[in-house]
Amino acid sequence: MYLCPEKEDKPQGSHTHPPPQKNIMHDLDKQINQRLEDLAKKENLRHLSLPYSSLGKWIVVNEEKRLNLSGNDYLGLTERDDLREQFAALHPNYSSPSGSTSSRLLLGNYEEATLFEEEIAKALEHPSALLFNSGYHLNTGILPALAHLEGVKVYADRMVHASIIDGIRLSRLPFTRFRHNDLEHLTELLKEDEGKYRISIVAVESLYSMDGDEADLEALVALKKKYSSLIIYCDEAHAIGTHGANGYGLAEEHGVLADIDILVGTFGKALNSMGAYAAISTSLREYLINMARPLIFSTMLPPAVIAWSRYIFALLPQLGEERAQLRQVSQYLRSSLQEKGYSCPGVAQILPLIIGENGACGLLAERLQKGGFEVKPIRYPTVALGTARLRLSLTAAITPADLDPMLQMLESLR
Ligand SMILES: *Cc1c(COP(=O)(O)O)cnc(C)c1O
């Protein structure tokens with residue numbers, strides 16, 4: 001139970017406003033419980049999932065083994081003991097985890113980090129790169145830092161990740177959101193603002209995690225020719241590792257790596273590590289080292305974690321087979337669901353299985369979980385009303401045979 005016992009609240013007269021509470025903790029509990037009840041009524045109360053242990057593509061919950069269709073381990077690297085062994089052989093000094101004990105600006109500037117940044121910059125065709133502790137640190141660090149410049153406005157796709165929204169909020173920059181993937185709408189907004197701003201930052205993701213669809217990066221880059229104030233800020237969190245001939249993301253796939261001004265991504269998903277990168281200009285790197293508070297005021301990643309990210313990043317060009325397997329199994333699941341009459345838009349390894357109402361979506365998720373499939377319902381207000389969905393995400397380790405029993409269940413429930 002999450003509710004705390006309610007104490008009786010005795011009114012002390014006939015004030016229009018409630019009198020100040022004497023017992024502060026009591027009021028805190030009361031308000032918290034009220035909010036939690038409201039969330040529960042709207043079927044939006046979140047819980048931590050049951051503790052589980054992971055066996056590659058399987059997880060074990062309550063002694064039940066389930067296929068993990070809710071993770072971001074897109075290349076199936078959690079299964080790869082061979083890679084961990086190779087890493088350990090290459091780096092015997094990193095066999096026991098040890099913290100960096102300091103911010104990057106104090107004593108956390110490990111050689112590993114600097115070398116890695118040079119490699120990222122080269123791979124992603126940018127003059128420089130900068131590491132952050134996580135994608136969340138990065139996205140809440142860059143825009144607030146840029147807010148110290150003059151004449152900046154942000155244009156964000158309506159579906160960008162919460163960390164970008166939080167970055168915008170912290171920055172207190174003027175901003176507008178354009179309809180999801182609607183560059184005509186964006187162009188209208190840019191036209192309205194023409195001449196008003198010196199720096200127009202367009203924030204997008206290359207692959208969106210709720211709809212599994214892609215931004216039109218080539219068209220966005222073409223817009224830069226028309227609007228010289230335009231700066232593209234593109235988050236490749238779900239595409240780094242999985243897309244592009246070398247695994248450098250959708251910007252690589254579309255041949256626009258060097259044209260994305262602020263090209264960012266995380267090591268926490270396909271790369272099976274922790275941390276994030278921004279591929280940027282040399283001056284922006286120096287500026288962020290001075291102005292990005294999540295970088296200045298947080299302990300640097302442990303050197304062993306940086307080394308592991310660096311090891312996997314260097315391996316990306318060789319993981320073409322894994323990328324091909326991921327594409328094939330995604331195509332198999334998407335077309336099988338569509339054949340059974342399900343609505344399943346998107347193009348990549350993230351498949352939104354649209355159900356509609358929050359309640360029905362939650363029930364279906366429970367049934368599939370009991371049947372051995374770890375799927376999570378994504379409900380309003382995370383997504384638009386009436387588009388509650390199961391977000392199925394695949395990995396290179398999952399095969400069509402793993403998915404067939406789920407497809408049979410979905411067929412019988414139709
Ligand atoms: C997951 C995600 C992040 C956050 O990255 P972390 O490294 O997990 O903090 C940022 N942006 C997008 C688009 C994401 O999907």
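Computed from a prediction, not measured in an experiment: that's the story for all the values here. Each ligand, and each atom within it, is numbered from 1 in the order the structure gives.
- For the residues Glu205, Glu236, Lys269, the heavy atom positioned nearest atom 14 (C) of ligand 1 is part of Lys269.
- Nearest heavy atom pair, residue Ser98 against residue Pro302, reads O-CB, 3.3 Å.
- Taking any N or O of Gly135, backbone or side chain, at least one lies under 3.5 Å from an N or O belonging to ligand 1.
- Taking both residues in full, the closest heavy atoms of Arg285 and Arg104 are given as NH2-NH2, 3.6 Å, listed atom of the first, atom of the second, then distance.
- Residue contact check for ligand 1: Ser134 places a non-hydrogen atom closer than 4.0 Å to it.
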Exercise for the section: Determine, step by step, whether Tyr208 and His161 satisfy the ring-ring contact (aromatic ring centres under 6.0 Å, His included) criterion, reporting the C-alpha distance in whole Å, the side-chain angles of both residues, the deciding distance to 0.1 Å, and the verdict. Expected result: CA-CA 8 Å; Tyr208 287 89; His161 190 257; over 10 Å; no
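- Classification of Asp261 and Lys224 as a salt-bridged pair holds, one side-chain N sitting under 4.0 Å from a carboxylate O.
- Of the residues Phe267, Tyr311, Tyr277, Trp308, the one that meets the ring pair (Phe, Tyr, Trp, His ring centres under 6.0 Å) test with Phe116 is Phe267.
- Residues His243 and Glu252 form no side-chain contact, since every pair of their non-hydrogen atoms from C-beta on lies 4.5 Å or further apart.
- With a heavy-atom cut-off of 4.0 Å, His238 touches ligand 1 through its side chain alone.
- Note on ligand 1: His137 sits outside its first shell, no heavy atom being nearer than 4.0 Å.
- Checking only distances, Thr266 does come within under 3.5 Å of ligand 1, N or O to N or O.
- Contacts between Asn139 and ligand 1, counted as non-hydrogen atom pairs separated by less than 4.0 Å, involve the side chain only.
- Using a 4.0 Å cutoff on heavy atoms, Ser163 counts as a contact of ligand 1.
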